[in-house]
Number of protein chains: 2
Amino acid sequence: MPRRSAPDRQTEQRILDAARNVFIRHGTAGARMQEIAEEAGVNQALLHYYFRSKDRLAEAVFAEAAGRLAPAIAAILGSDERLERKVEQFVHLYIDTARRHPYIPGYVLAELHHHPERLPAIAARLAPGAPKPLAQPILARLGAQLEALAAEGTIRPIAPEHFLANLLALCVIPFAVRPMLTLALGMDEPAFQRFLDERRADLPGFILNALRP
Amino acid sequence: MPRRSAPDRQTEQRILDAARNVFIRHGTAGARMQEIAEEAGVNQALLHYYFRSKDRLAEAVFAEAAGRLAPAIAAILGSDERLERKVEQFVHLYIDTARRHPYIPGYVLAELHHHPERLPAIAARLAPGAPKPLAQPILARLGAQLEALAAEGTIRPIAPEHFLANLLALCVIPFAVRPMLTLALGMDEPAFQRFLDERRADLPGFILNALRP
DNA sequence: GTCTATATTGTGATAGAC
DNA sequence: GTCTATCACAATATAGAC
């Protein structure tokens, strides 16, 4: 039984959930506090009680969405596994997660574009003691692995920045341009799901094949 | 010397240019008619004189931005050139164009996500007599080419939808996640330009290599 | 902690003079 | 065709009762 004047975590979570839905649909600028309040089943004043302003609420939502996969991705790419395993784990993790929340990638890309200034603050909040270029340690480990494989002739030389960009690009693209797939390529929902199945199965081989000498 | 009461195409163009800049920065929802008017050097009422409403102005801007590369891409992919040449032309066209307007890809992705309902209307306006799945003809030609190459053992089998998605993904990613490159990978402006140079040179080989049997 | 009511400012759009 | 002035309403945020 919670005390009467302590913050109600359950209400806070309901607001956050509703805010996530609304911000994902309309973006920070297009979202309306009224709509969030309705979807959370509370009134508008309560949003300000918990989060002070629309801007802070938007920041909380974005931080959660953008940082969701970061730890898992860092763990995969920075591990001691073989490259083949890393690529497969990355592809499966990304596509399986995005499939459950198919509008998050589009939302994150949109916010990244319109509010890039938010990124440093959020990164500092999620990983307080991290080094200046946030991904430096993982990038260094990954780079060393790629370099070793290239030296022994197993793969072509590739900078870890490009490797990472390629990985992310090939996984995120179906979610980022989904309306175009629907319109230009005539994909309905089942076809889109099949498209994801195919990519999940084929991308690891495609990527590793591209690195062959 | 224009007649006094004929639409001034020059003014209309100035408004459109200003609108493009503002919409690209802030998106449809975040853009302010006042800001567009200032940037165009006219007053707010004139925007409505030329474009009736914010929504129509936004649609005009998005149609131009989203459709800009469509004809050239269709020409490249639907041509009779060899696959190697198509890939190289696509990569060079996309990166060279996006480099001159580096915020357009992010803007298009954002609008695609928040206003997918606009796409059909715009597609119909840009290509009035086109078939239902807009890219059907090009996709069929490209698919036949890929199938023929696969049959003779030159490449692995790949559906044209995946081929196209991979091509676009690998080209657009630096522009789509640029703030992340800056923050997480520590890329400043010159480093970003070098990154683009490297991708422009390496992507064709990377993509074709990935298709080897 | 949650509500109703309201202050205050922002914003798209129009009327009408020139 | 372009301007100034203004309307009408939307939207964030706060005050204060319960």
Side-chain angles (χ1 to χ4, degrees), chain A residues 1-63 110-111 114-115 117-118 121, chain B residues 1-63 110-111 114-115 117-118 121:
Chain A
M1 197 111 174
R3 292 211 330 276
R4 274 188 63 203
S5 283
D8 186 332
R9 305 308 295 262
Q10 194 176 334
T11 302
E12 184 174 344
Q13 192 56 47
R14 287 233 318 285
I15 291 174
L16 212 51
D17 290 343
R20 186 184 324 120
N21 291 337
V22 175
F23 279 124
I24 284 177
R25 282 200 295 270
H26 301 119
T28 298
R32 298 292 163 243
M33 296 294 271
Q34 176 56 27
E35 191 179 349
I36 296 172
E38 281 170 17
E39 194 150 328
V42 299
N43 63 77
Q44 211 174 323
L46 212 58
L47 306 190
H48 289 90
Y49 175 80
Y50 278 98
F51 292 94
R52 256 188 71 85
S53 71
K54 178 186 178 181
D55 205 64
R56 291 195 188 223
L57 185 52
E59 188 180 303
V61 168
F62 178 65
E111 292 295 302
H114 291 306
H115 305 283
E117 76 281 356
R118 270 197 194 132
Chain B
M1 198 108 172
R3 291 210 332 275
R4 275 188 62 205
S5 283
D8 187 332
R9 306 306 296 262
Q10 193 176 334
T11 301
E12 183 172 346
Q13 192 56 46
R14 288 234 317 286
I15 292 174
L16 212 51
D17 289 343
R20 185 182 327 118
N21 290 337
V22 175
F23 280 123
I24 283 175
R25 282 201 296 269
H26 304 298
T28 298
R32 297 292 163 246
M33 295 295 270
Q34 177 56 27
E35 191 178 350
I36 296 172
E38 280 170 18
E39 193 151 327
V42 299
N43 63 76
Q44 208 175 328
L46 212 57
L47 306 189
H48 290 90
Y49 176 80
Y50 279 98
F51 292 93
R52 258 189 73 84
S53 73
K54 179 186 178 182
D55 204 64
R56 292 194 188 223
L57 185 52
E59 188 181 301
V61 167
F62 178 64
E111 292 295 303
H114 290 306
H115 305 283
E117 74 283 357
R118 270 197 192 133

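Order of the sequence lines sets the chain letters (A, B, ...), proteins ahead of strands, with each chain counted from 1.
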[X] [atom1] to [N] [atom2], straight-line distance once rounded to whole Å:
X	N	atom1	atom2	value
Gln10(A)	dT2(C)	CD	C1'	15 Å
His26(B)	dG12(C)	NE2	C1'	17 Å
Leu47(A)	dT4(C)	CG	P	13 Å
Glu35(B)	dG12(C)	CD	P	11 Å
Ile15(B)	dG12(C)	CD1	C1'	15 Å
Glu38(B)	dG12(C)	CD	P	12 Å

Any idea which heavy atoms bring Ile15(A) and Ala40(A) closest together, and the distance? CA-CB, 4.0 Å

A quick test of your reading: do over 12 heavy atoms of other residues, nucleotides or ligands sit less than 6.0 Å from CD of Gln10(B)? no

Can you tell me if Arg25(B) has over 12 outside heavy atoms packed within less than 6.0 Å of its CZ? yes

Could you work out, with side chain to side chain contact (heavy atoms under 4.5 Å, CB included) as the rule, every residue matching His114(A), not counting sequence neighbours? Ala110(B)

For Arg32(B) and dG12(C), is the shortest distance between a side-chain N/O and OP1 or OP2 below 4.0 Å? yes

When you measure from the side-chain N and O atoms of Tyr49(A) to the phosphate of dC3(C), is any distance below 4.0 Å, counting only OP1 and OP2? no

Using a 4.0 Å cut-off on protein heavy atoms (strictly under), produce a 5'-to-3' string for nucleotides 13-18 of chain C with B for base contact, S for backbone-only sugar-phosphate contact, and - for none. BBB---

For Arg9(A) and Glu12(A): C-alpha separation, side-chain torsions, deciding distance, then whether salt bridge (charged side-chain N to carboxylate O under 4.0 Å, His left out) applies. CA-CA 5 Å; Arg9(A) 305 308 295 262; Glu12(A) 184 174 344; 3.7 Å; yes

How is Ala31(A) classified with respect to the nucleic acid when contacts are heavy atoms under 4.0 Å: base, sugar-phosphate, or nothing? sugar-phosphate

Starting at the 5' end of DNA chain D, which residue's closest nucleotide do you reach first, Gln34(A) or Asn43(B)? Asn43(B)

Quick one: do Arg14(A) and Asp8(A) make a salt bridge, cutoff under 4.0 Å? no

